[in-house]
Structures are given as C-alpha cells and as structure tokens.
Trainee: 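I am attaching a structure below and will ask some questions about it afterwards.
In this chain, residues are counted from 1 in sequence order. This is a predicted model, so every value here is computed, not measured.
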Amino acid sequence: MTDPDPEALRAAAAKGDSDAVDQLIELAAERGDAAELRQWAAGGSSDAADLLVELATEREDHDELRRLALGGNTTAAEVLAELEGD
C-alpha cells in the first residue's frame with residue numbers, strides 16, 4: 001500500500017471530497033500537526049476538533065484545551081477540569 005499524496009488529497013478536498021478531508025485530518029493527527037487540525041476544526045470538522053483535544057490532552061497543553069473550551073468544546077472543558085484538578 002502506498003502512502004497517500006497530500007497534495008492530491010488537498011486538491012480533492014478543495015473540490016469537496018469528504019473522504020480526502022477525512023484522510024488529511026487523520027494524517028495531520030498522525031503527524032501531531034495541531035495547526036492543521038485547528039484549521040480543519042475552525043472549518044467545522046468535529047473529527048478534527050476531537051483529534052485536537054486528544055493531541056492537546058496527550059501533550060497536557062492546557063492553553064490549547066482552554067482555547068477549545070472557550071470556543072464551546074465541552075470535551076476540552078472536561079479534560080481541562082480534570083487536568084487542573086490534579
């Protein structure tokens with residue numbers, strides 16, 4: 001199996017291919033690319049937001065979790081409360 005071509009995926013995503021979007025989000029998560037996940041989450045992807053919460057939790061990134069929580073992400077708020085309660 002070959003690795004997906006990110007540029008081809010981006011082109012497909014720009015044309016509305018939801019499978020390409022999903023693959024790009026997954027690749028960003030695998031790379032730990034919080035900036036790209038933020039972009040997808042800001043564009044309305046709940047999957048990207050969930051993965052960003054996971055990444056921020058793994059990194060114990062309170063600032064990122066706080067930013068997400070302030071933006072209305074209840075999972076981020078819950079995780080942040082747990083981390084700050086320790």
Trainee: Out of curiosity, does L83 fall in the hydrophobic cluster containing L51 (side-chain heavy atoms, cut-off under 4.5 Å, transitive links)?
Mentor: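 Yes; tracing contacts between hydrophobic side chains, which count when under 4.5 Å, links both residues.
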Trainee: Step by step, would you call V21 with S45 a side chain to side chain contact (heavy atoms under 4.5 Å, CB included)?
Mentor: CA-CA 9 Å; V21 170; S45 171; 5.5 Å; no
Trainee: Calculate, to the nearest 0.5 Å, the distance between atoms CG and CZ belonging to L55 and R38 respectively.
Mentor: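 Answer rounded to 0.5 Å: 9.0 Å.
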Trainee: N73: what forms a side chain to side chain contact (heavy atoms under 4.5 Å, CB included) with it, not counting sequence neighbours?
Mentor: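 Testing N73 for side chain to side chain contact (heavy atoms under 4.5 Å, CB included), a comparison that skips the adjacent residues, returns A49, V53, L68, T75, A76.
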Trainee: On a heavy-atom basis, which atom in A48 and which in A41 lie closest, and how many Å separate them?
Mentor: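 Taking A48 first and A41 second, the nearest heavy atoms are CB-N, 3.6 Å.
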Trainee: Mind checking what makes side chain to side chain contact (heavy atoms under 4.5 Å, CB included) contact with A14, not counting sequence neighbours?
Mentor: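 Partners of A14 by the side chain to side chain contact (heavy atoms under 4.5 Å, CB included) criterion come out as none, since no residue qualifies.
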Trainee: So which pairs with a foot in residues 51-63 pass side chain to side chain donor-acceptor pair (under 3.5 Å), sequence neighbours left out?
Mentor: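 For residues 51-63: D63-R66.
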Trainee: Heavy atoms only: give me the nearest A20-A13 pair and the separation to one decimal.
Mentor: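 Scanning both residues completely, I find the closest heavy atoms to be CB-N, 3.7 Å.
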Trainee: Who passes salt bridge (Lys or Arg N to Asp or Glu O under 4.0 Å) against D33, sequence neighbours left out?
Mentor: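 Counting only residues at least two positions away or on another chain, D33 forms a salt bridge (Lys or Arg N to Asp or Glu O under 4.0 Å) with R31.
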Trainee: How many angstroms lie between atom CG of L65 and atom CD of E84, to the nearest 0.5 angstrom?
Mentor: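 One finds 8.5 Å between CG of L65 and CD of E84.
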Trainee: With sequence neighbours left out, which residue pairs that include part of residues 5-27 fulfil the side chain to side chain donor-acceptor pair (under 3.5 Å) condition?
Mentor: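 Of all non-adjacent pairs touching residues 5-27, those that pass side chain to side chain donor-acceptor pair (under 3.5 Å) are R10-E36.
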Trainee: To the nearest 0.5 Å, what is the distance between CG (D47) and CG (L52)?
Mentor: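 Interatomic distance, D47 CG to L52 CG, rounded to 0.5 Å: 12.5 Å.
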